[in-house]
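Please read all numbers here as calculations on a predicted model, not as lab measurements.
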Amino acid sequence: MAQFDNRYAVAGSATRSGAAVDEGLRSYMLGVYNYMAAGVALTGIVAYFVYNMSVVERAAGKVALTPLGQVLYTSPVKWIIMLAPLAFVLFLSFRVYKMSVPATQLAFWAFAAVMGVSLSTIFLVFTGQSITRVFFITAAAFAALSLYGYTTKKDLSGWGTFLFMGVVGLIIAALVNIFLQSSALQFAISAAGVLVFAGLTAYDTQQIKDNYYEIAGDATMMAKGAIMGALNLYLDFINMFTSMLQLFGDRE
């Protein structure tokens, strides 16, 4: 009887421990998704606000750039705006574990706001209706892919190198196309971008989940891990959205 009671006690302890881990993981992932969603919302608000400050409507639905719009979209400042988000990502990637949690949070929000300024140009190129439509399509696809990454028992770590090389290839092709201005190459970049960042959404979700088990119990590391996880998913979402917008968006 004593032996049975001991086995029961061990089994009960393991069950409670597993339940605690599951509850902790759910709370951690919820924090990641909340950061990510808030970052996307901030980016959208800033993008729309900057666009409205940068254009003025003329007769027959035409728009003209305001002095602010001319600075942001036609002067050399546009290159700073284009490259600033990349600088933020590199800064966060290399400095996050040397920064305090409040500083990391501030850097994340600053990055989301700067990205909003950079993305404000989409309102000049695409209709508002198509931007909204593609956004919700992207959101649905992202949710499904992230859910797969969270629930699958398959190890997706082998995708990492392939997806990373895909991102490098996309960046190089995009830089080349700045000078070529090839519509065919742009189409290929956008199509490949959808596939690469779709894969990264599932991959990054699983990596965030796995990372939780390594840092669970360290409050500071968990706070920073949640922010960096949100940053990765944010980048997956934004890049998938812009790629799909290039493919399916209706131009002005």
Side-chain angles (χ1 to χ4, degrees), residues 35-36 38-59 61-96 99 103-128 130-132 134-135 138 167-183 185-187 189-190 193 197 227-228 230-232 234-247 249-252:
Y35 269 121
M36 179 258 178
V40 170
L42 177 59
T43 296
I45 292 170
V46 171
Y48 191 69
F49 176 77
V50 170
Y51 166 75
N52 280 326
M53 294 289 292
S54 300
V55 302
V56 59
E57 289 192 9
R58 296 284 176 83
K62 299 291 185 179
V63 297
L65 295 178
T66 64
L68 175 62
Q70 292 173 0
V71 170
L72 294 179
Y73 304 142
T74 63
S75 76
V77 174
K78 69 180 181 180
W79 295 105
I80 298 176
I81 293 172
M82 287 175 59
L83 297 175
L86 177 60
F88 266 96
V89 171
L90 293 175
F91 175 79
L92 274 168
S93 298
F94 287 107
R95 295 287 301 175
V96 61
M99 300 165 61
T104 306
Q105 292 172 329
L106 180 61
F108 177 77
W109 300 127
F111 163 75
V114 170
M115 181 64 85
V117 178
S118 181
L119 281 181
S120 63
T121 56
I122 65 174
F123 293 101
L124 291 171
V125 179
F126 301 97
T127 65
S130 69
I131 291 173
T132 302
V134 172
F135 176 86
T138 305
V167 172
V168 172
L170 289 173
I171 293 173
I172 294 173
L175 290 174
V176 170
N177 205 39
I178 290 177
F179 303 100
L180 295 182
Q181 294 295 306
S182 168
S183 58
L185 180 56
Q186 181 58 56
F187 179 86
I189 293 171
S190 298
F197 289 104
I227 295 170
M228 291 306 295
L231 175 64
N232 288 336
Y234 170 97
L235 290 170
D236 296 338
F237 180 90
I238 291 296
N239 282 288
M240 188 160 55
F241 166 68
T242 54
S243 295
M244 292 185 70
L245 194 60
Q246 289 289 339
L247 293 174
D250 298 326
R251 298 179 181 273
E252 291 282 9

Within the structure provided, determine whether [X] and [Y] are in side-chain contact (heavy-atom separation under 4.5 Å).
X	Y	value
F123	N52	no
L90	L86	yes
Q246	F126	yes
L185	L180	yes
T66	M53	no
F197	I238	no
F108	L42	no

Working to the nearest 0.5 Å, report the span between [atom1] of [X] and [atom2] of [Y].
X	Y	atom1	atom2	answer
L92	L231	CG	CG	6.0 Å
I171	I189	CD1	CD1	11.0 Å
I227	T104	CD1	OG1	5.0 Å
K78	T121	NZ	OG1	10.5 Å

Inset, instruction - Given side-chain contact (heavy atoms from CB on, under 4.5 Å), test V46 with V114 step by step and report yes or no. - result: CA-CA 8 Å; V46 171; V114 170; over 6 Å; no
Inset, instruction - Applying side-chain contact (heavy atoms from CB on, under 4.5 Å), run through V117 and F49 and close with a yes or a no. - result: CA-CA 9 Å; V117 178; F49 176 77; over 6 Å; no
[X] and [Y]: which non-hydrogen atoms are nearest, and at how many Å?
X	Y	answer
G193	L170	CA-CD1, 3.7 Å
A103	M99	O-CE, 3.4 Å
I81	P85	O-CD, 3.1 Å
V55	L124	CG1-CD2, 3.5 Å
I131	L245	CA-CD1, 4.0 Å
A110	F88	CB-CE2, 3.7 Å

Inset, instruction - Under the side chain to side chain donor-acceptor pair (under 3.5 Å) rule, collect the residues that match up with T43, sequence neighbours excluded. - result: Y234
Legend entry - Ring geometry between Y48 and Y51 (parallel below 30°, tilted from 30 to 60°, perpendicular above 60°): tilted
Would a distance-only check, ignoring hydrogens and angles, find a side-chain to backbone donor-acceptor pair under 3.5 Å from [X] to [Y]?
X	Y	value
S130	G249	no
N177	A173	no
T138	F237	no

Legend entry - Pair listing, side chain to side chain donor-acceptor pair (under 3.5 Å) test, anchored in residues 105-120, at least two apart: Y35-Q105, Y73-S120
Inset, instruction - Applying side-chain contact (heavy atoms from CB on, under 4.5 Å), run through L175 and I178 and close with a yes or a no. - result: CA-CA 5 Å; L175 290 174; I178 290 177; 4.1 Å; yes
Legend entry - Candidate pair Q186 and S182, rule side-chain hydrogen bond (donor to acceptor under 3.5 Å, both in side chains), full reasoning: CA-CA 6 Å; Q186 181 58 56; S182 168; over 6 Å; no
